[in-house]
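Worksheet for the structure shown next.
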Amino acid sequence: MRYIKLPSENFGKFFKSLGEWGTLYAPVKKGDIYSFQEVHDPAEIALDYTRTMLPPKKFFFRPKEAILRLKNGRWEEEIEAEPTVLFGLHSCDIHGLKILDKVYLNEPADPYYKSRREKTLIIGISCMPDEYCFCKSLGTHFAMEGFDLFLHELPDGWLVRIGSVRGHEMAWENSELFEEVTDEDLANFKEFEEKRAKAFQKELPQEGLADMLDLAYNSPVWKKYAEVCLACGNCNMVCPTCRCYEVCDSWMDAYSSVRERRYDSCFMENHGLVAGGHNFRPTRLDRFRHRYYCKSYFDPTAGYNCVGCGRCDEFCPAKIEHVKVLEEVRGSLQ
Amino acid sequence: MSENPYQTYDARILEVKDLTSREKLFTLRFLDPEVEAKFDFKPGQFVIVDIRGFGEFPISICSSPTRKGYFQLCIRKVGRMTKFVHKMNEGDVVGIRGPYGNGFPMEKMEGSNLILVAGGLGMAPLRSVLWYAIDTGKYENVWLLYGTKAYEDILFRDEIIHLLKHGEAMNCSVKLAYEVESPSCIYLEQGFSDRVCKGVVTDLFRGEEFDVNNTYALICGPPVMYKFVIRELLDRKLSPGRIYMTLERRMRCGVGKCGHCVVGTSVSMKYICQDGPVFTYWDALSTRGLI
């Protein structure tokens, strides 16, 4: 890793230069909600944001998109990917993209996801946890890869980690804006990280988690929360790693049709439905438990399917807390 | 060929045959000779049928890969899409992509006995195995135990009756169980008293002995059937690793992306479309929700 420093006074110029690499998106505050929006001016962005409602997956795997268009009896593919710069991703979201990569870039790769992923630059930014964050206990609070540049806040600027060749190019072209890192900067970086590590209020103990949950398959805790859950699927929509989709064909006119896919939710009753009306997850309990198992699945190559971003907690209308559910389920074993 | 895994290829319907009042057999062939030449599959694999402008659905291939130049799909009319397909005729064109899934390990099972246990529509994927085994002649003995509702519901009735009569010569013995009595069934039962009976598919195991060290069981049927059939097989001390079953889920993409066929818990998650649809009973023991 190469480390350089971006002094505060050069931030504006650096930010403007990012626009030359592609359409620039960054977190913006609208009402009480943060979201990734197209920006042109550094004054528009909320650098100290907590989390956006929709995670950055929306740039690669769209909430609704046309994948094929029927013209003259043949499907024509519709791949639109423009050079994009995503500025200000938190570490958990970078890990979230890695989990999506595992699925969507795995052969055969999803061409829509892949082309957007290849044309997008990722600039990470350091953050302070709030009451919903539990990324530290999942090891996703710090990103070692998956970004081009990562900015860490210093009292007088930013410590920049360069994570890719394109990241090097971006720094190279603006080399007059950067400085060498001093011992003082390193001390500040260390201090910030230590302060941040202490700021986490929520923890998800990992020891034997996957097995404990599996053993507690019939725990009454699942039932208790399934009764509270509204089955609205909000948690699926805002989750940076949820990626189920449904496909639907619609006619545009008598000769042309479009095949669209859109986010799907495992809380919907028809998610486990098969031909003839048999449902493999007929009750809300089945569906509730399925989501928790899917998020807690541990893949040796990519870790858990949950990155601890806290979105499902913050945006749950029934105020169900992910960590609390898992801890209670685990506790019910004793 | 396109690199887009969601692109489908034109296939012409060569023949449509009524199997029962609900099922039709479609014989298809790709229009593009290059696609046709590349298309190869294993028994137990499935394709996704694309009715352009209406949608897609997964369906298992019911013909054997030993018979070149065409492939067959047995489609039951159950929903909007399949109803539409049932209205199609010879010469019509549909889109096809695939084949997908792992299929049955036919090479691994060579030289062994095969017990095919089919319930209702489960006959369709197992027919591919049946004809593969008969055509290649690489298997010791093949038993087909087929449970059906009524005489009118017997899929591939001509073939089944042909095998009842002449199966022995092909090392293939067929047994049939029906639930609803009818003159035709009674007639069959009189002709093949040792092989046709009223009851469910597990009744066909009665009196059946097999060498557990040299036998594989392959099961396909409605969800409720697996538990009972597996119990019969385990009672006879057949190893769970020798019990293969092919499963159904609502697969949208077929390539492990859309998430509809994901099953399991925090310790073991599987995509039916990529890790399956063929699983052993060991897999079912280690992955909750598989069956």
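A note on names: the letters A, B, ... follow the listed sequences, proteins ahead of strands, and every chain is numbered from 1.
For the pair B:R288 (side chain) and A:D214 (backbone), a donor-acceptor distance under 3.5 Å is present. No donor-acceptor pair under 3.5 Å is formed between the side chain of B:H260 and the backbone N or O of A:L273.
Interface with chain A: from residues 73-92 of chain B, residues B:V78 qualify, criterion being any non-hydrogen pair under 4.5 Å. Interface residues of residues 292-305 of chain A toward chain B, defined by a heavy-atom distance below 4.5 Å and sorted by number: A:Y293, A:C294, A:S296, A:Y297, A:F298.
Classified by interplanar angle (parallel below 30°, tilted 30° to 60°, perpendicular above 60°), the ring pair A:W251/B:F54 is perpendicular.
Evaluation of the side-chain hydrogen bond (donor to acceptor under 3.5 Å, both in side chains) rule for A:R243 yields B:Y271 as partners, not counting sequence neighbours. Applying the side-chain hydrogen bond (donor to acceptor under 3.5 Å, both in side chains) criterion to B:R249, with sequence neighbours excluded, gives no partner residue.
Aromatic ring centres of A:W75 and B:Y9 lie farther apart than the 6.0 Å criterion allows.
For the pair B:Q7 and A:E76, the minimum side-chain heavy-atom distance is 4.5 Å or more. In this structure, B:P223 and A:H278 have side chains that are in contact, with non-hydrogen atoms separated by less than 4.5 Å.
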Q.
Please evaluate residues A:E246 and B:R250 with respect to the criterion salt bridge (charged side-chain N to carboxylate O under 4.0 Å, His left out), reporting the C-alpha separation (whole Å), side-chain torsions for both, the decisive distance (0.1 Å), and the verdict.
A. CA-CA 10 Å; A:E246 180 63 304; B:R250 188 190 195 203; 3.3 Å; yes

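Considering every non-hydrogen atom in both B:G256 and A:V103, the closest pair reads O-CG1, 3.5 Å.
Only the backbone of B:I51 comes within less than 4.5 Å of a heavy atom in chain A; its side chain stays farther off. Proximity to chain A (any heavy atom under 4.5 Å) is shown, for B:C261, by neither the backbone nor the side chain.
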